[in-house]
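Working notes for the structure below.
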Amino acid sequence: MHATIRRYEGVDTTHPALKPAVIAERDFIGGNGNSAMPDGNDAHGTACAGVVLSRDKKFPGIAPRCGLIAARIAMDDGTGNWIFDDFATADAIDWCWRQGAAVLSNSWGGGAPSD
């Protein structure tokens with residue numbers, strides 16, 4: 001029996017260590033509107049945000065006074081392949097800086113090169 005690995009992207013903006021940091025959030029790929037939440041239990045985006053922004057007293061992030069502008073740009077198609085669109089990603093980056101982002105943190109990798 002093989003385990004099925006499902007990948008989802010996003011940030012759990014309701015996580016107690018991150019919720020106070022949320023300034024804005026939006027889904028650019030999955031049709032979830034003003035939510036950057038992952039579809040499943042993918043902790044990658046949440047963990048990356050937590051390293052920097054965690055407001056947890058026991059495990060604070062390295063910059064806990066910064067704010068979180070979360071933009072979901074990729075998701076799993078249900079068969080283990082990524083759904084990712086260059087134009088949606090460009091829109092997300094544009095939206096982030098319009099919301100006031102001064103620094104973007106992107107944890108992308110894998111897949112074929114894209115124009």
Side-chain angles (χ1 to χ4, degrees):
M1 186 168 168
H2 296 283
T4 301
I5 299 173
R6 294 191 49 128
R7 302 170 301 182
Y8 302 91
E9 243 352 280
V11 176
D12 181 355
T13 54
T14 66
H15 190 286
L18 296 177
K19 189 173 182 176
V22 176
I23 293 171
E25 62 179 302
R26 188 166 166 197
D27 184 350
F28 286 85
I29 199 73
N32 292 328
N34 292 330
S35 173
M37 294 288 288
D39 286 334
N41 190 20
D42 178 13
H44 181 77
T46 305
C48 290
V51 167
V52 177
L53 302 166
S54 174
R55 305 280 171 93
D56 186 86
K57 301 240 186 275
K58 187 173 181 181
F59 301 105
I62 60 172
R65 294 177 61 198
C66 289
L68 173 62
I69 299 172
R72 183 176 182 228
I73 61 164
M75 62 186 251
D76 189 285
D77 70 355
T79 66
N81 296 305
W82 283 110
I83 298 173
F84 180 86
D85 179 82
D86 292 337
F87 294 103
T89 301
D91 289 344
I93 291 169
D94 186 54
W95 176 82
C96 286
W97 76 262
R98 290 180 187 273
Q99 300 307 306
V103 175
L104 298 179
S105 174
N106 302 284
S107 181
W108 309 344
S114 174
D115 291 337

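Bear in mind that the values here come from a model prediction, so they are computed numbers and not experimental data. Side chains included, hydrogens not; waters and symmetry mates left out as well; all remaining heavy atoms used.
- At least one side-chain heavy atom of Cys96 sits less than 4.5 Å from a side-chain heavy atom of Leu104.
- Summarising the geometry of Asp12 relative to Pro38, their closest heavy-atom pair is N-CD, 3.9 Å, with the distance given to 0.1 Å.
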Can you check side-chain contact (heavy atoms from CB on, under 4.5 Å) on Leu68 and Val22, steps first, answer last? CA-CA 5 Å; Leu68 173 62; Val22 176; 4.0 Å; yes
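- Minimum interatomic distance between Ser54 and Pro64 (heavy atoms only, all atoms of both residues): O-CB, 3.4 Å.
- In this structure, OG1 on Thr89 lies 4.0 Å from CD1 on Ile73, to the nearest 0.5 angstrom.
- Contact check for Thr14 versus Met37: side-chain heavy atoms found under the 4.5 Å cut-off.
- Separating the CG atom in Asp94 from the CD atom in Gln99 is a distance of 10.0 Å, to the nearest 0.5 Å.
- Take Asp85 and apply the side chain to side chain donor-acceptor pair (under 3.5 Å) test, not counting sequence neighbours, and it matches no residue.
- Here the shortest heavy-atom pairing between Ala71 and Ala92 reads CB-CB, 4.1 Å.
- In this structure, CG in Asp77 is found 10.0 Å from CH2 in Trp82, a value given to the nearest 0.5 Å.
- To the nearest 0.5 Å, atom CG of residue Leu53 and atom NE2 of residue His15 are 12.5 Å apart.
- Membership of the apolar cluster around Trp95 extends to Ile23, Phe28, Ile69, as traced through chained side-chain contacts below 4.5 Å between ILVMFWY residues.
- Residues Leu18 and Thr46 form a side-chain contact, since some pair of their non-hydrogen atoms from C-beta on lies under 4.5 Å apart.
- The main-chain N or O of Val11 is never found under 3.5 Å from a side-chain atom of Arg72 such that the two would form a donor-acceptor pair.
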